[in-house]
Amino acid sequence: MCCCALAPGSAWAQEERPIHIESAPLADALADLSRQTGIAIGFEGRLPARRSHRVDGRLTVEQALARLLAGTGLEARRLSPTAYRLVRAAPVAPLPPVRSASAPPPQGMADIIVTGAKREEPLARLPISVAVVQAPGDQGGTLLSGTQEVAQRLDGLTLTNLGPGRNRQFIRGVADSPFNGNSQSTVAILINDARATYNAPDPDLRLVDVERVELLKGPQGSLYGSGTLGGVYHIVTRPPDAGTFAGQAGLEASLATHGEMGGSAEAMINLPVVTDRLAVRAVGYAAREPGWIDTAGRGDSNRSEVRGARLAVRALAGDWTVDLNGMFQLQDVADSQYVYARHALTRPDQVAEPHDNDFALASLRVAGKLGDMDLVYAGNWVDHDVSSTLNASDLSQAAFGVAPPSLYLEQRRNRLFDQEVRLSGQRDDGLSWLAGLSFMDVRNHFSGVIEGARDRTVATGIQGVAEFAAFGDMRVPLTPALSLSVGGRLFLSRLEAEQGGRRTRVEVSVTRSGFTPSLALSWQAGARDFLYLRYAGARRPGGLTQTSARSAERFESDELQTFETGWRHTASPSLTVNADAFLMTWSHMQSDYLLTDGLIGTRNVGDARIYGIEASIDWKAASAWAISAGLVGQSALLTRTSAGLRVDDRHLPVIPDWKARLGISRDLGLLGWRGSMGAHVSYLSPSHLSFDPGLDRRMGDYALADADLTLRRGGWSVRLSGSNLFDCKADSFAFGNPFTLDRGPQYTPLRPRQWTVGFTKNW
């Protein structure tokens, strides 16, 4: 397979010119060379996990390639004035350790390699709408801590704001409900090719030692199966490097303007156990986020703590790579973050409503060559526990017969086992293909207990889903510039569920089979423009849900299909423009909703239609200035409602009609320090909470501004940043506790202005 950079051609590739490339992983260094010189570099298979030498001076392309490839066992063969292929060479002496780069090189979009589509492919020729945000590291990038920061910088991604570890992700307006019920999530969260969630809320993993985040927009059913109606959110961590030792340690302190102090610590160590053969990479972190909701008698009550660690082992043997990964994160939130008055950060005294989100994952990935084919096995196991406590005193007597004061304790235990094996290949004539088999087994346990003078279990449920599937994708060149991609997934799934309350119990067992297709036509219109048309779909299984504390009923499967067209324009290695238009139809839409007793049920609400446009531009000027901007406009409406359902506002919940962002940054030098400074502004238009007329609230319509300054010198880096600089207190999410809605409207204000200062040491 091709796993290298691709950039526009250049007529002067053989002339001497200034080239500056810091030491970096080989794939990143080659991508940087491609960006600076305009050449294309190809390689069949997987590049060695090696770091390159630093290249600096006036050189020809071939001289620069020779220096980058020294000690890697590869050499470059010229195919044309603007294209080279890497081939195996006679073994050479090992590459000596080289210190990590300290300053980020210029970034373009044409050479970004995307792995979320199950193959390493340049973004520039992928016929899928994809957004990528680079995290900080050897190659620079955007400062990220979690999903909220990613959502501000990726067009098409929207989050609820119930609180850390309780939020739901939505992509391209595919939003079914703000509530965390029994329906499967519309977005599949992946970590290094491993599926991480099924129907649990976003674990909000801290992005420590992460390489990038990829957002595959639109249904991805042909590749990933059920639960990808909106798309895929893919976190790619930095793998162990068997070529050099590296270490990092960092400390941060933060202060919320209307809150308290917080802080974080993180550390990473990369240890080559056997040079070029075996390496271990370990990451650990802990953070205390300041609270800002002033609950009378308890001060800033909604503080949170998070602790996590990750251990990765990589073994290399010829063309084979084995990756073993384990990780966990424990998130504890002391209280909820809603208030009863708009734009307020205070509320009267009430009992604490803590929340926990504990996530653990273990995965094994084996990749190598079988003749001319690439083989990948990926298997993972996930243990995800989510618990919430809410004040239920207002409804407990009437709904459940428990005298107040009382609390509602909800616990969800999610187990996921997912594995697949796939083969892929590419011929010299440009034809490429992928074929695989997968098996996923999910077990979810749910319980709801009213705790008072006497405890009472008011809801229990067990759900098991097993899915077998065969999937494939083939890209056929019709002409040198025109390609046709055809894909599909044949699946057989079995759902077994048991749900009930105090007096009744309902069981269901359903077996389904079907085929999910995808089709794309792409056109490389010269060196600068890439256009595509795409059709794809995805499905979600039905299940059982509470209808009250005494009964349960079944809801049906739903299906979403999309038609989209996209255009990517690369005017130079430092300027790219993307534009997309899409239309989606959603049949038998599932939606979680609030029952009269405060519990959450699921129902089919009808059919929906979603259409919209997206546009973005990324520009890196020679003067060290960079601009990144994006605009999303979308309409998401119910077109038909189910019998008996009354809806005042047919807009799908949570989703704004407009979302815009603008980021400006500049590389700089100051007294021997190198670094960058930047500012980012984002805007979300108004949206609403729910289809339920009695619960619906207006929210959104706000802008956020952030700024940061980072300086690096001699392995040290210093960072100063500010978030929500205008101290906006707009309502970001109009829901908090379903048991206390009779007290009046609820609002979730944005986190107030917060300042952060951090120090990092690299070895």
Side-chain angles (χ1 to χ4, degrees), residues 145-152 158-170 177-181 185 189 197 200-206 254 256 258-260 262 287-295 298-308 329-340 344-347 350-359 384-392 407-412 592 594 598 600 653-654 689-690 697 699-700 702 704 723-724 729-741 745-752 754:
S145 61
T147 316
Q148 291 280 3
E149 288 75 17
V150 173
Q152 291 181 39
T158 306
L159 293 177
T160 61
N161 193 26
L162 193 57
R166 303 176 69 184
N167 298 324
R168 303 189 67 187
Q169 293 187 11
F170 303 118
S177 166
F179 306 112
N180 293 311
S185 305
I189 299 176
T197 60
D202 176 21
D204 195 16
L205 300 172
R206 285 185 73 88
S254 57
H258 304 282
E260 54 187 7
R288 185 181 188 271
E289 295 292 340
W292 69 89
I293 300 297
D294 187 357
T295 302
R298 292 190 289 116
D300 297 310
S301 60
N302 67 316
R303 68 189 65 88
S304 64
E305 295 181 353
V306 61
R307 305 174 303 281
Q329 177 174 289
L330 308 178
Q331 187 170 70
D332 304 318
V333 183
D335 207 347
S336 52
Q337 59 185 44
Y338 62 91
V339 295
Y340 301 102
L345 297 177
T346 61
R347 64 186 182 189
Q350 64 181 45
V351 298
E353 297 176 328
H355 171 78
D356 294 342
N357 190 316
D358 299 337
F359 178 86
H384 193 184
D385 295 341
V386 181
S387 64
S388 300
T389 300
L390 297 171
N391 180 11
L407 298 173
Y408 175 68
L409 176 61
E410 179 181 282
Q411 292 183 312
R412 294 176 179 268
D592 299 326
L594 184 64
I600 304 297
V654 180
L689 176 67
S690 171
R697 302 279 189 276
M699 57 189 187
Y702 61 83
L704 288 174
S723 61
N724 193 4
K729 299 182 180 68
D731 180 30
S732 61
F733 191 63
F735 167 66
N737 183 343
F739 297 101
T740 59
L741 290 175
Q746 299 175 1
Y747 307 94
T748 304
L750 293 164
R751 185 177 69 184
Q754 182 166 306

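The first residue of the sequence shown is numbered 1, and numbering continues consecutively from there.
Judged by distance alone, with hydrogens and angles left aside, the side-chain atoms of D204 form a donor-acceptor pair with the main-chain N or O of T147 at under 3.5 Å. Between the D335 side chain and the P354 main chain, no donor and acceptor come within less than 3.5 Å of each other. A donor-acceptor pair is defined here as one N or O able to donate and one able to accept, closer than 3.5 Å; such a pair exists between the side chain of H355 and the backbone of S387. Judged by distance alone, with hydrogens and angles left aside, the side-chain atoms of T748 form no donor-acceptor pair with the main-chain N or O of S732 at under 3.5 Å. In this structure, Q329 contributes its side chain and G308 its backbone to no donor-acceptor pair below 3.5 Å.
For D356, the salt bridge (charged side-chain N to carboxylate O under 4.0 Å, His left out) criterion is met by no residue, not counting sequence neighbours. Taking the side chain to side chain contact (heavy atoms under 4.5 Å, CB included) definition, one finds that A334 meets it with R303, sequence neighbours left out. With sequence neighbours left out, the side chain to side chain contact (heavy atoms under 4.5 Å, CB included) criterion links I189 to Q169, A196, T197, D202, P203, Y233.
Scanning both residues, P738 and G598, for their nearest heavy atoms gives CG-O, 3.5 Å. Taking every heavy atom of both residues into account, G181 and R412 meet most closely at O-NH1, 3.5 Å. Contact detail for L390 and R166: the closest heavy-atom pair is CD2-NH2, 4.1 Å. The two residues S185 and A200 have their closest heavy-atom pair at OG-O, 3.5 Å.
Taking CG of L689 as the reference point, atom CZ of F179 lies at 5.0 Å (rounded to 0.5 Å). For the atom pair Q152 CD and L704 CG, the distance stands at 5.5 Å (nearest 0.5 Å). Atom OG of residue S723 and atom CG of residue L750 lie 10.5 Å apart, to the nearest 0.5 angstrom. A distance of 7.5 Å separates CZ in F733 from CG in N167, rounded to the nearest 0.5 Å. Taken from CG in N302 to CH2 in W292, the straight-line distance is 5.0 Å, to the nearest 0.5 Å. If you take CZ on R298 and CD1 on I293, they are separated by 11.5 Å, rounding to the nearest 0.5 Å.
Contact annotation: the side chain of N180 approaches that of L162 to within less than 4.5 Å [non-hydrogen atoms, C-beta and beyond]. Residues R168 and D592 are in side-chain contact: their nearest non-hydrogen atoms beyond the backbone lie under 4.5 Å apart. Q148 places a side-chain heavy atom less than 4.5 Å from the side chain of L159. With a 4.5 Å cut-off on side-chain heavy atoms, D294 and L345 do not count as touching. Side chains of Q411 and D385 form no contact here, defined as non-hydrogen atoms less than 4.5 Å apart. With a 4.5 Å cut-off on side-chain heavy atoms, L330 and V306 do not count as touching. By the 4.5 Å heavy-atom criterion applied to side chains, V654 and M699 are counted as neighbours. Contact annotation: the side chain of Q331 never approaches that of R206 to less than 4.5 Å [non-hydrogen atoms, C-beta and beyond].
Between the side chains of N161 and Q337, at least one donor N or O lies within less than 3.5 Å of an accepting N or O. Side chain to side chain, R347 and T295 meet the donor-acceptor criterion of an N or O pair below 3.5 Å. Checked by atom type, the side-chain pair Q746/T740 shows a donor-acceptor distance below 3.5 Å.
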Please evaluate residues N357 and H384 with respect to the criterion side chain to side chain contact (heavy atoms under 4.5 Å, CB included), reporting the C-alpha separation (whole Å), side-chain torsions for both, the decisive distance (0.1 Å), and the verdict. CA-CA 7 Å; N357 190 316; H384 193 184; 2.7 Å; yes
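Using the six-membered ring where Trp is involved, F739 and Y408 have ring planes that are tilted, between 30° and 60° apart.
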